[in-house]
Amino acid sequence: MLVAERWQRIVQLVNERGSIRVTELSELCQVTEETIRRDLDRLEAEGKLMRSHGGAVSVKEAQTEVPFMERETAHADFKNSIAKEAISHIQEGDRIILDASTTAWYMAKMIPDMAITIITNSMKVALEVSGKEKIQVISTGGLLSPKSLSYVGPLSERSLDMYHAHKLFLSCKGVHVQRGISESNELQALIKRKMISIADETYLLADHSKFGTQALTQVADWSEIQHVITDRMTDKDALARIREKGVQVRQLD
């Protein structure tokens, strides 16, 4: 296979699958992983794909991420209620993580000025709590995703390795009774996996529209989620099945 043919094949595979690992590309193209990494660097420079930790993600897939301004107004009443309930689980002295979801941003707006530490990959969250003097804010840095106004990528993931948090509050694209939680964007999925790994407890904040959906990239199964906070419109049978998995579920009235 000529080099140009291999590049064309790589782009085709990434676009067909949404994301793919270096190891798999190496096997399919019958070249070393180091060669694939150089190929991916070149193709990213040409704007044909986006590098991710251990592989590549389709530019088309990355663009499916809904802009923050659109997510901000979707199901706003439910998200406000969920955020208010989530704040009731925070205590003085806690170290918490807030992801780049709009529900986490609602939390940042409402959270009182108390002696806690907030770790976040969200520009919006960091700005929202920056004026609260008692709150220490740690931003991950990394590659800025312009639609979600969040930091993602290997640098963001490595920065999280430095910290330990008591509680993580996050949302996601899809919530599935059997498969757990998922994201439409691999870079967002990877940063959320890392957040889960450094937190003692994970709170999933998800309104009813997220349930029954399986997005492209798996984030976590139910063994990694301790709490779910959702609204009154979420299917009660689905929540009962999640409770059977040992997850504490709080459905708001």
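Below, all heavy atoms of this structure are taken into account, side chains as well, without hydrogens, waters or symmetry copies. Start at 1 with the first residue, then count along the sequence. This one's a predicted model, so the numbers in the text were calculated from it and none came from an experiment.
- Rounding to the nearest 0.5 angstrom, the gap separating the CE atom in M50 from the OG atom in S145 is 7.0 Å.
- In terms of modelled atom types and a separation under 3.5 Å, the side chain of D200 and the main chain of K167 share no donor-acceptor contact.
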- Item | side-chain hydrogen bond (donor to acceptor under 3.5 Å, both in side chains) between E201 and H227, intermediate numbers included | CA-CA 8 Å; E201 294 182 275; H227 307 270; 2.8 Å; yes
- salt bridge (charged side-chain N to carboxylate O under 4.0 Å, His left out) evaluation trace for K192 with D99: CA-CA 7 Å; K192 291 182 184 189; D99 74 347; 3.3 Å; yes
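- Cluster annotation: Y151 and L127 are assigned to distinct hydrophobic clusters (Ile/Leu/Val/Met/Phe/Trp/Tyr, side-chain heavy-atom contacts under 4.5 Å, transitive).
- Heavy-atom neighbours of Q12 CD from other residues, nucleotides or ligands within 6.0 Å: above the threshold of 12.
- When every heavy atom of S122 is checked against every heavy atom of A100, the shortest pair comes out as CB-CA, 3.7 Å.
- The pair R6-D39 meets the salt-bridge criterion, with a side-chain N (NZ, NE, NH1 or NH2) lying under 4.0 Å from an Asp/Glu carboxylate O.
- When atom types are taken as modelled, the side chain of N121 and the backbone of S150 share no donor-acceptor pair closer than 3.5 angstrom.
- When all heavy atoms of L190 and E157 are compared, the pair lying nearest together is CB-OE2, 3.5 Å.
- Y203 and F169 have parallel rings, their planes meeting at less than 30° on a 0 to 90° scale where 60° marks the start of perpendicular.
- Summarising the geometry, atom CG belonging to L160 is positioned 7.5 Å from atom OG belonging to S197; distances are rounded to the nearest 0.5 Å.
- There is a path of hydrophobic side-chain contacts, each under 4.5 Å, that joins M110 to I229.
- Around NZ of K132, the count of heavy atoms belonging to other residues, nucleotides or ligands within 6.0 Å exceeds 12.
- Residues V219 and I196 form a side-chain contact, since some pair of their non-hydrogen atoms from C-beta on lies under 4.5 Å apart.
- Contact of the C172 side chain with the L204 side chain is registered, since non-hydrogen atoms from C-beta on lie closer than 4.5 Å.
- In this structure, S156 and I191 approach most closely via the heavy-atom pair CB-CD1, 3.4 Å.
- With salt bridges taken as basic N to acidic carboxylate O contacts below 4.0 Å, one links E33 and R37.
- A salt bridge is absent between R241 and E244: the closest approach of a Lys/Arg side-chain nitrogen to an acidic carboxylate oxygen does not fall below 4.0 angstrom.
- A single hydrophobic cluster is seen to contain both M162 and I138, as judged by linkage of ILVMFWY side chains at heavy-atom distances under 4.5 Å, directly or through other members.
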- Could you walk me through whether T32 and T35 pass the side-chain hydrogen bond (donor to acceptor under 3.5 Å, both in side chains) check? CA-CA 5 Å; T32 65; T35 296; 2.9 Å; yes
- Item | Step-by-step side-chain hydrogen bond (donor to acceptor under 3.5 Å, both in side chains) determination, S148 to Q188 | CA-CA 10 Å; S148 63; Q188 294 291 348; 3.2 Å; yes
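- Of the possible donor and acceptor atoms, one in the side chain of S182 sits under 3.5 Å from a partner among the backbone N and O of A215.
- The closest side-chain heavy-atom distance from L170 to M195 is not below 4.5 Å.
- The closest donor-acceptor contact from the side chain of Q251 to the backbone of D231 lies under 3.5 Å.
- Here the closest non-hydrogen pair linking L13 and I20 is CB-CD1, 4.2 Å.
- Between R179 and D221, none of the side-chain N atoms (NZ, or NE/NH1/NH2) sits under 4.0 Å from a carboxylate O, so this pair counts as no salt bridge.
- How far NZ of K173 is from OG1 of T217: 12.0 Å, rounded to the nearest 0.5 Å.
- Annotation: side chain of I118 is not in contact with side chain of Q136 (no heavy-atom distance under 4.5 Å).
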- Message: Under the criterion side-chain contact (heavy atoms from CB on, under 4.5 Å), I'd like the reasoning laid out for V129 against I111: C-alpha separation, chi angles, the key distance, then a yes or no.
- Response: CA-CA 8 Å; V129 296; I111 201 164; 4.1 Å; yes
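- Note: M233 CE to T230 OG1 = 10.5 Å, rounded to the nearest 0.5 Å.
- No donor-acceptor pair under 3.5 Å is formed between the side chain of E128 and the backbone N or O of V125.
- Residues V175 and L168 share a hydrophobic cluster, clusters being chains of Ile/Leu/Val/Met/Phe/Trp/Tyr side chains in contact below 4.5 Å.
- You'll find the side chain of L49 reaches within 4.5 Å of the side chain of I10, heavy atoms only.
- To the nearest 0.5 Å, atoms CG (L25) and CD1 (I36) are separated by 5.0 Å.
- Contact of the R95 side chain with the H164 side chain is registered, since non-hydrogen atoms from C-beta on lie closer than 4.5 Å.
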- Criterion side-chain contact (heavy atoms from CB on, under 4.5 Å) on L239 and R243, from CA distance to verdict: CA-CA 6 Å; L239 295 179; R243 286 190 182 96; 4.0 Å; yes
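- Within a 6.0 Å sphere centred on CD of E133, heavy atoms belonging to other residues, nucleotides or ligands number 12 at most.
- In this structure a side-chain-to-backbone donor-acceptor pair under 3.5 Å is missing from S171 to S101.
- Checking each of I87, I82, N80, L205 against Y106 for a side chain to side chain contact (heavy atoms under 4.5 Å, CB included) leaves exactly one that passes, namely N80.
- With hydrophobic clusters built from ILVMFWY side chains whose heavy atoms lie under 4.5 angstrom apart, W105 shares a cluster with M114.
- Residues R51 and L40 share a closest heavy-atom pair of CD-CB, 3.1 Å.
- A 4.5 Å side-chain heavy-atom check between T102 and K124 finds every atom pair outside the cut-off.
- Distance alone, capped at 3.5 Å, is enough to place a donor-acceptor pair between the S159 side chain and the T140 backbone.
- Contact check on K194 versus D161 returns a salt bridge, with a Lys/Arg side-chain nitrogen under 4.0 Å from an Asp/Glu carboxylate oxygen.
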- Trace of the side-chain contact (heavy atoms from CB on, under 4.5 Å) decision for W7 with K48: CA-CA 10 Å; W7 291 345; K48 294 179 179 178; over 6 Å; no
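- In this structure, W222 contributes its side chain and V177 its backbone to a donor-acceptor pair below 3.5 Å.
- Using a 4.5 Å heavy-atom cutoff, the side chains of R232 and D253 are not in contact.
- Summarising the geometry, atom CD1 belonging to I116 is positioned 5.0 Å from atom CD1 belonging to I90; distances are rounded to the nearest 0.5 Å.
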- Begin from the C-alpha positions of K79 and D207 and carry the test side-chain contact (heavy atoms from CB on, under 4.5 Å) through to its verdict. CA-CA 7 Å; K79 290 176 180 179; D207 67 67; 3.7 Å; yes
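- L187 and N185 get closest at one heavy-atom pair: N-OD1, 2.9 Å.
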